[in-house]
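Structure first, then comments.
Computed from a predicted structure; not experimentally measured. In what follows, residues are counted from 1 in the order of the sequence shown. The figures here come from the full heavy-atom set of this structure, side chains too, leaving out hydrogens, waters and symmetry mates.
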Amino acid sequence: MPRPVHFEIHASDLKAVAEFYGALFGWTFNQFGEFPYMLADTGEGDGIDGAIMARQGPAPEVGAPVMGATIVIGVEDIDAEIARALQLGATEAAAKMAVPGVGWAAYLHDPDGNVFGLFQDDTEAR
């Protein structure tokens with residue numbers, strides 16, 4: 001069965017968006033060739049790596065429908081990650097919510113307007 005193997009985050013300012021995700025999640029980025037494209041190394045273990053690429057057109061407007069897929073990142077402490085993301089320039093897209101019996105989810109806008117999610121496993125979530 002086909003599975004996702006790579007993600008791409010569109011950005012108006014590749015360096016600024018790479019710095020945001022690097023500071024928030026510890027990801028590292030490397031320029032790929034001479035293209036406006038930076039490869040993302042998200043670390044060891046389960047998951048996939050990706051990239052930040054030049055945005056074609058304007059950044060999404062806050063509150064507009066999400067176009068494309070949303071990346072959701074598994075975290076150990078969702079409250080701490082939300083607070084850190086906000087300090088780094090993120091804004092709330094959807095407040096922390098329980099996914100009953102599964103965990104906690106929250107959605108934020110990165111500094112370039114892209115929506116991304118955070119998820120913490122917790123079978124006691126209600």
(message) Met53 vs Phe35, test: side chain to side chain contact (heavy atoms under 4.5 Å, CB included). Steps then yes/no.
(response) CA-CA 9 Å; Met53 63 183 290; Phe35 308 100; over 6 Å; no
(request) Quick one: closest heavy-atom pair of Gly117 and Thr70, and the distance? (result) N-CG2, 4.0 Å
(message) Tell me whether Asp49 contacts the main-chain N or O of Asp41 through its side chain, where contact means a donor paired with an acceptor under 3.5 Å.
(response) no
(message) Quick check on the hydrophobic clustering: are Ile48 and Val72 connected, directly or via other members, by side-chain heavy-atom contacts under 4.5 Å?
(response) no
(request) Taking all non-hydrogen atoms of both residues into account, name the closest pair between Ala105 and Val99 and its distance. (result) CB-CG2, 4.2 Å
(request) Measure from the side-chain N and O atoms of Asn114 to the backbone N and O of His10, and report whether any donor-acceptor pair falls under 3.5 Å. (result) yes
(message) Looking at every non-hydrogen atom in both residues, tell me the closest pair between Pro60 and Gly113 and how far apart they are.
(response) CG-O, 3.4 Å
(request) Check whether Tyr21 and Ile71 end up in the same hydrophobic cluster, where Ile, Leu, Val, Met, Phe, Trp and Tyr are linked by side-chain heavy atoms less than 4.5 Å apart. (result) yes
(request) Just jot down the side-chain contact (heavy atoms from CB on, under 4.5 Å) partners of His109, sequence neighbours excluded, or say none. (result) Val62, Thr91, Ala93, Val115
(message) Testing the basics here: between Asp112 and Ala11, what is the closest heavy-atom pair and its distance to 0.1 Å?
(response) OD2-CA, 3.1 Å
(request) With rounding to the nearest 0.5 Å, note down the distance linking CD1 in Ile52 to CD in Glu19. (result) 10.0 Å
(request) Locate the shortest heavy-atom distance separating Met97 from Ala94; write the atom from each residue and the value. (result) CE-CB, 4.0 Å
Would you list the atom pairs, donor with acceptor, under 3.5 Å between side chains in residues 76-87 and any protein atom, with sequence neighbours excluded?
unit_1: Asp77; atom_1: OD1; unit_2: Asp79; atom_2: N; d: 3.2
unit_1: Asp77; atom_1: OD1; unit_2: Ala80; atom_2: N; d: 3.1
unit_1: Asp79; atom_1: OD1; unit_2: Lys96; atom_2: NZ; d: 3.0
unit_1: Asp79; atom_1: OD2; unit_2: Lys96; atom_2: NZ; d: 3.2
unit_1: Glu81; atom_1: OE1; unit_2: Arg84; atom_2: NH2; d: 3.4
unit_1: Arg84; atom_1: NH1; unit_2: Ala23; atom_2: O; d: 3.1
unit_1: Arg84; atom_1: NH2; unit_2: Leu24; atom_2: O; d: 2.1

(request) Sort and list the pairs that fulfil side-chain hydrogen bond (donor to acceptor under 3.5 Å, both in side chains) and have at least one residue in residues 117-126, not counting sequence neighbours. (result) Trp104-Asp122
(request) State yes or no: do Phe25 and Phe119 share one hydrophobic cluster built from I, L, V, M, F, W and Y residues joined by side-chain heavy-atom distances below 4.5 Å, directly or via other members? (result) no
(request) Would you name the heavy atoms of Phe29 and Gly22 that are closest together and state the gap between them? (result) CE1-N, 3.9 Å
(request) Give the cluster check for Val66 versus Leu118: same hydrophobic cluster or not, with ILVMFWY residues linked at side-chain heavy-atom distances below 4.5 Å. (result) no
(request) State plainly whether one hydrophobic cluster holds both Trp27 and Met38, where clusters connect Ile, Leu, Val, Met, Phe, Trp and Tyr through side-chain heavy atoms under 4.5 angstrom apart. (result) yes
(message) Between Glu61 and Pro65 (side chain of the first, backbone of the second, donor and acceptor by atom type, cut-off under 3.5 Å), is there such a pair?
(response) no
